[in-house]
Amino acid sequence: EPEVTQTPSHQVTQMGQEVILRCVPISNHLYFYWYRQILGQKVEFLVSFYNNEISEKSEIFDDQFSVERPDGSNFTLKIRSTKLEDSAMYFCARGNLCYGYTFGSGTRLTVV
Amino acid sequence: SQQGEEDPQALSIQEGENATMNCSYKTSINNLQWYRQNSGRGLVHLILIRSNEREKHSGRLRVTLDTSKKSSSLLITASRAADTASYFCATDETSGSRLTFGEGTQLTVNP
């Protein structure tokens with residue numbers, strides 16, 4: 001099965017700017033997730049998305065974040081007004097808890 | 001302690017040796033998964049063990065799960081230099097849809 005593709009692979013943005021991270025999973029999957037990993041730290045859950053709605057979000061996923069599936073195949077994570085501490089690897093994943101996830105290769109976000 | 005803690009944090013072995021990594025967790029789970037991450041890359045799913053299973057094999061990987069002790073181990077037999085990576089356990093709690101990852105074990109296999 002094709003991999004999950006994330007774009008861009010690396011993005012540098014000025015503090016306060018908005019960024020949109022994109023993910024192309026398989027269109028017939030229902031479950032999608034965003035996770036992030038700050039350099040040298042553990043992978044943290046951000047949000048799960050089921051049937052085009054947020055099903056669960058973590059305490060990290062505040063009003064600064066939003067997710068969309070604008071065209072039925074792409075899956076986006078928008079970060080408004082980025083902060084320095086948003087610098088991290090952001091991973092999109094598809095799959096389900098019964099069989100495991102397929103993760104994308106990630107987008108490295110650097111906020112300067 | 002946090003959900004999904006691995007030990008050791010770092011492990012260095014010679015090629016051909018076996019590597020054992022352990023994971024402990026706190027809450028009730030549906031399953032436990034192990035993932036591998038090469039430096040700066042994405043996570044690769046290795047193996048999933050359900051809460052009603054005690055042991056599972058996949059190639060050179062062997063995973064055990066002890067729900068009474070809330071712990072799991074990942075054994076990599078006959079290690080290769082290409083096995084060098086970080087290994088994470090992740091738990092699926094019965095109460096939600098998220099995976100909770102541990103801190104990871106950095107495995108170095110020396111040729």
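All values derive from a computational prediction rather than experimental measurement. Naming convention: chains lettered A, B, ... in sequence-line order (proteins, then strands); numbering from 1 in each chain.
Using a 4.5 Å heavy-atom threshold, the side chains of A/Q37 and B/F88 count as touching. Residues A/F45 and B/T100 have side chains not in contact (no heavy-atom distance under 4.5 Å, counting atoms from C-beta outward).
With a threshold of 4.5 angstrom between heavy atoms, A/S58 approaches chain B through its backbone and through its side chain.
Counting all heavy atoms, side chain and backbone alike, B/Q37 lies closest to A/F91 at NE2-CZ, 3.6 Å.
The local environment of CD in B/Q9 is sparse, with at most 12 non-hydrogen atoms from other residues, nucleotides or ligands closer than 6.0 Å. By the 6.0 Å contact criterion, CD on A/E53 is open, its count of non-hydrogen atoms from other residues, nucleotides or ligands being 12 or less. More than 12 non-hydrogen atoms from other residues, nucleotides or ligands lie less than 6.0 angstrom from CG of A/L84. Heavy atoms from other residues, nucleotides or ligands lying under 6.0 Å from CZ of B/R80 number 12 at most. Annotation for B/Q14: atom CD counts as buried by contact number, over 12 foreign heavy atoms lying within 6.0 Å. When the shell of 6.0 Å around CZ of B/R41 is examined, it contains 12 or fewer heavy atoms from other residues, nucleotides or ligands.
Aromatic pair B/Y35/A/F103: centroids less than 6.0 angstrom apart.
A/Y35 contributes a side-chain N or O that, together with a main-chain N or O of B/L99, makes up a donor-acceptor pair within less than 3.5 Å.
Distance OG/A/S105 to CG/B/L43: 11.0 Å, rounded to 0.5 Å.
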